Amino acid sequence: MILAIDPGTEQSAWVAYDPVSMAIHKRDVAINDVVLWRVGTWPKKHEYTLVIESVESYGMPVGREVFETVFWSGRFAEAWQGSFERLPRREVKLHLCNSARAKDSNIRQALLDKFPRTGGGKTPQIGTKAQPGPLYGVSKDIWSALAVAVTWA
């Protein structure tokens, strides 16, 4: 089982993912204090690997937002009180799209291609409320957290 986090400056996305069944057990985007509490009180931590998307330097100046994201990444890792892994976005792009130039839309499509088309609607991997697919409820930054989990798996 994998608990993957896409950290942000004020809020972060997380996914609890089972790579064997390719099932998302829980997911959310929440303010960082809530995610911090969630990580610190996660049940059955021994069954999970915590994987946090890490920030990489590309040689350009960065602003307060990048440092704030790094700060929260460290707080999540500390709250876990166990071993954790960090995975750079570049590795996620290369794994899912075979290109470091991939954009969020490319990553989303690569994830859609990996999951079964079992739901209803025009995107059956996501599905509809009446006929949910395996990615039902995945939106916004949760796609990035899922990409981290799938890449780590």
Side-chain angles (χ1 to χ4, degrees), residues 1-56 65-66 68-98 100 102-121 123-129 131-153:
M1 299 288 286
I2 298 168
L3 176 58
I5 300 176
D6 174 31
T9 57
E10 296 177 9
Q11 62 181 21
S12 297
W14 61 271
V15 169
Y17 177 70
D18 180 351
V20 175
S21 65
M22 294 181 67
I24 298 169
H25 292 286
K26 295 180 181 182
R27 79 264 184 268
D28 197 12
V29 175
I31 61 171
N32 284 337
D33 285 329
V34 171
V35 177
L36 184 66
W37 174 83
R38 169 83 60 195
V39 169
T41 60
W42 194 262
K44 300 181 181 178
K45 287 183 183 181
H46 64 280
E47 295 178 8
Y48 284 82
T49 298
L50 175 65
V51 184
I52 302 170
E53 183 178 298
S54 64
V55 175
E56 285 185 305
E65 293 84 9
V66 171
E68 193 68 17
T69 300
V70 171
F71 171 78
W72 280 106
S73 296
R75 291 200 65 195
F76 298 145
E78 183 179 29
W80 186 252
Q81 296 180 341
S83 63
F84 61 92
E85 302 293 336
R86 297 182 303 158
L87 188 64
R89 183 75 168 166
R90 180 177 175 85
E91 286 187 35
V92 173
K93 291 177 177 184
L94 288 171
H95 174 78
L96 293 174
C97 303
N98 296 317
K103 305 288 185 216
D104 287 347
S105 60
N106 304 118
I107 291 170
R108 181 181 183 273
Q109 187 59 55
L111 289 170
L112 286 170
D113 293 344
K114 288 188 175 294
F115 284 84
R117 303 169 58 86
T118 57
T123 312
Q125 300 92 325
I126 297 171
T128 62
K129 186 174 183 178
Q131 273 187 293
L135 300 177
Y136 185 77
V138 175
S139 63
K140 303 178 189 172
D141 292 333
I142 296 173
W143 285 107
S144 295
L146 179 61
V148 169
V150 169
T151 299
W152 184 255

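No experiment lies behind these values; they were computed from the predicted model shown.
- Listed by first then second residue, pairs satisfying side chain to side chain donor-acceptor pair (under 3.5 Å) with a partner in residues 72-85 read Glu68-Trp72, not counting sequence neighbours.
- In this structure, CD on Glu91 lies 11.0 Å from CD on Glu53, to the nearest 0.5 angstrom.
- A heavy-atom distance below 4.5 Å is not found between the side chains of Arg108 and Leu111.
- For Tyr48, the ring pair (Phe, Tyr, Trp, His ring centres under 6.0 Å) criterion is met by Trp42, not counting sequence neighbours.
- Residues Ala13 and Val29 share a closest heavy-atom pair of CB-CG2, 3.8 Å.
- To the nearest 0.5 Å, atoms OH (Tyr136) and OG1 (Thr128) are separated by 7.0 Å.
- Across Ala100 and Lys93, no two heavy atoms sit closer than the pair O-CD, 3.3 Å.
- Listed here is the closest heavy atom pair of Thr118 and Gly133: OG1-CA, 4.2 Å.
- In terms of heavy-atom proximity, Ser54 sits nearest to Arg86 at CB-CB, 3.8 Å.
- Using a 4.5 Å heavy-atom cutoff, the side chains of Ile126 and Leu112 are in contact.
- Summarising the geometry, atom CZ belonging to Arg38 is positioned 11.0 Å from atom CD1 belonging to Ile5; distances are rounded to the nearest 0.5 Å.
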Worked check of side chain to side chain contact (heavy atoms under 4.5 Å, CB included) between Leu96 and Lys114: CA-CA 9 Å; Leu96 293 174; Lys114 288 188 175 294; 3.5 Å; yes

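- By the salt bridge (charged side-chain N to carboxylate O under 4.0 Å, His left out) test, Asp104 is found to be paired with Arg89, residues two or more places apart in sequence or in another chain being considered.
- Glu47 pairs by the side chain to side chain contact (heavy atoms under 4.5 Å, CB included) definition with Lys44, not counting sequence neighbours.
- Between the CG atom of Leu36 and the CD1 atom of Ile31 there is a distance of 10.5 Å, given to the nearest 0.5 Å.
- Between the CD1 atom in Ile2 and the CD1 atom in Ile24 there is a gap of 11.5 Å [rounded to 0.5 Å].
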In residues 138-153, what donor-acceptor pairs under 3.5 Å come from side-chain atoms, sequence neighbours left out?
from   : atom 1 : to     : atom 2 : distance (Å)
Thr151 : OG1    : Ala147 : O      : 2.8

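- Expressed to the nearest 0.5 Å, how far NZ of Lys26 lies from CG of Leu3 amounts to 10.5 Å.
- Under the side chain to side chain donor-acceptor pair (under 3.5 Å) criterion, the residue pairs touching residues 10-21 are Ser12-Asn32, Asp18-Ser21, with sequence neighbours excluded.
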